[in-house]
Engineer: 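Would you mind keeping the following structure in view while I ask a few things?
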Amino acid sequence: VAPRPMRAATISHSYKNGENIDLSKVAQYARHEKDTGSPEAQVARLTARVAQLSPHLIANKKDHAAKRGLQAVLNQRKKLLQYLYKEDRESYYKIISDFGIRAPVVNDVRGATRVKSDAAK
């Protein structure tokens, strides 16, 4: 029995290593130098992750784990965008236009504007 050939070592192009992902726009949305928690910065990071996963899924249609991961990232980004819509409309519209994201908030389902206008009265 012949020994198995050794596999070539592959370099991981993962998100955690910061390889193969464009985080250049994240600094633009950070509120301060070390900001990673603001909704704007999180949306920018998640959008970069979507841009990384999308070509992978086009090439690997049967990678269901990556598809599930992409759906989780998209849902998280949607929740953050809904929060921004409710709290800071200017930031919301700026991010939507800069990244070319289709608006997840179609209409005001939770009455965010109604609550704020009632409080102003």
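Fair warning: this is a prediction, and the values are worked out from it, not measured in the lab.
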Engineer: Are side-chain heavy atoms of Pro39 and Gln82 found at a separation under 4.5 Å?
Structural biologist: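 When only atoms from C-beta onward are counted, Gln82 and Pro39 do not touch, as no gap falls below 4.5 Å.
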Engineer: Examine Tyr83 and Val26 and state if one hydrophobic cluster contains both, with Ile, Leu, Val, Met, Phe, Trp and Tyr joined whenever side-chain heavy atoms are less than 4.5 Å apart.
Structural biologist: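 Shared cluster, no.
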Engineer: Look up atom OG1 in Thr36 and atom CD in Gln42, then write down how far apart they are to the nearest 0.5 Å.
Structural biologist: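 Those atoms lie 7.5 Å apart.
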Engineer: Measure the shortest side-chain to side-chain distance between Ile95 and Tyr29 over non-hydrogen atoms and say whether it is less than 4.5 angstrom.
Structural biologist: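 Answer yes - side chains close enough.
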Engineer: Do Leu46 and Leu57 share a hydrophobic cluster, counting only Ile, Leu, Val, Met, Phe, Trp and Tyr and linking them when any side-chain heavy atoms are less than 4.5 Å apart?
Structural biologist: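 Same cluster: Leu46 reaches Leu57 through Ile, Leu, Val, Met, Phe, Trp or Tyr contacts under 4.5 Å.
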Engineer: In terms of hydrophobic clustering (I, L, V, M, F, W, Y; side-chain heavy atoms under 4.5 Å; direct or indirect links), are Val50 and Leu53 co-clustered?
Structural biologist: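 Result: yes, single cluster for both.
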Engineer: Got a donor-acceptor contact below 3.5 angstrom from the Asn60 side chain to the Asp63 backbone?
Structural biologist: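 Side chain of Asn60 to backbone of Asp63, a donor-acceptor pair under 3.5 Å: no, none is there.
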Engineer: How about Gln52 and Arg49: does a side-chain donor come under 3.5 Å of a side-chain acceptor?
Structural biologist: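 There is such a pair between these side chains.
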Engineer: Quick check: is Leu81 connected to Leu70 through a chain of hydrophobic side chains (ILVMFWY, heavy atoms under 4.5 Å apart)?
Structural biologist: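 Per the 4.5 Å side-chain linkage, Leu70 and Leu81 are co-clustered.
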Engineer: For Asn75 and Gln71, indicate whether the former's side chain and the latter's backbone hold a donor-acceptor pair under 3.5 Å.
Structural biologist: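 Yes, the answer is positive, given that a donor and an acceptor are paired below the 3.5 Å cut-off.
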Engineer: Would you mind listing every ring pair (Phe, Tyr, Trp, His ring centres under 6.0 Å) that reaches into residues 52-78, with sequence neighbours excluded?
Structural biologist: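 Every candidate ring pair (Phe, Tyr, Trp, His ring centres under 6.0 Å) pair involving residues 52-78 fails, so no pair, neighbours aside, qualifies.
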Engineer: Near Glu90 CD, under 6.0 Å, is it more than 12 heavy atoms from other residues, nucleotides or ligands?
Structural biologist: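 No, CD of Glu90 has 12 or fewer neighbouring heavy atoms, counting only those of other groups under 6.0 Å.
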Engineer: Who are the side-chain hydrogen bond (donor to acceptor under 3.5 Å, both in side chains) partners of Lys94, not counting sequence neighbours?
Structural biologist: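 Listed in chain order: Asp98.
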Engineer: What residues form a side-chain hydrogen bond (donor to acceptor under 3.5 Å, both in side chains) with Thr47, not counting sequence neighbours?
Structural biologist: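 Arg77.
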Engineer: Roughly how far, to the nearest 0.5 Å, is NZ of Lys61 from NZ of Lys67?
Structural biologist: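 Between Lys67 NZ and Lys61 NZ, I get 10.0 Å after rounding to 0.5 Å.
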Engineer: Can you tell me how far the OH atom of Tyr92 sits from the OG atom of Ser97, to the nearest 0.5 Å?
Structural biologist: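 Nearest 0.5 Å value for the OH-OG distance: 10.5 Å.
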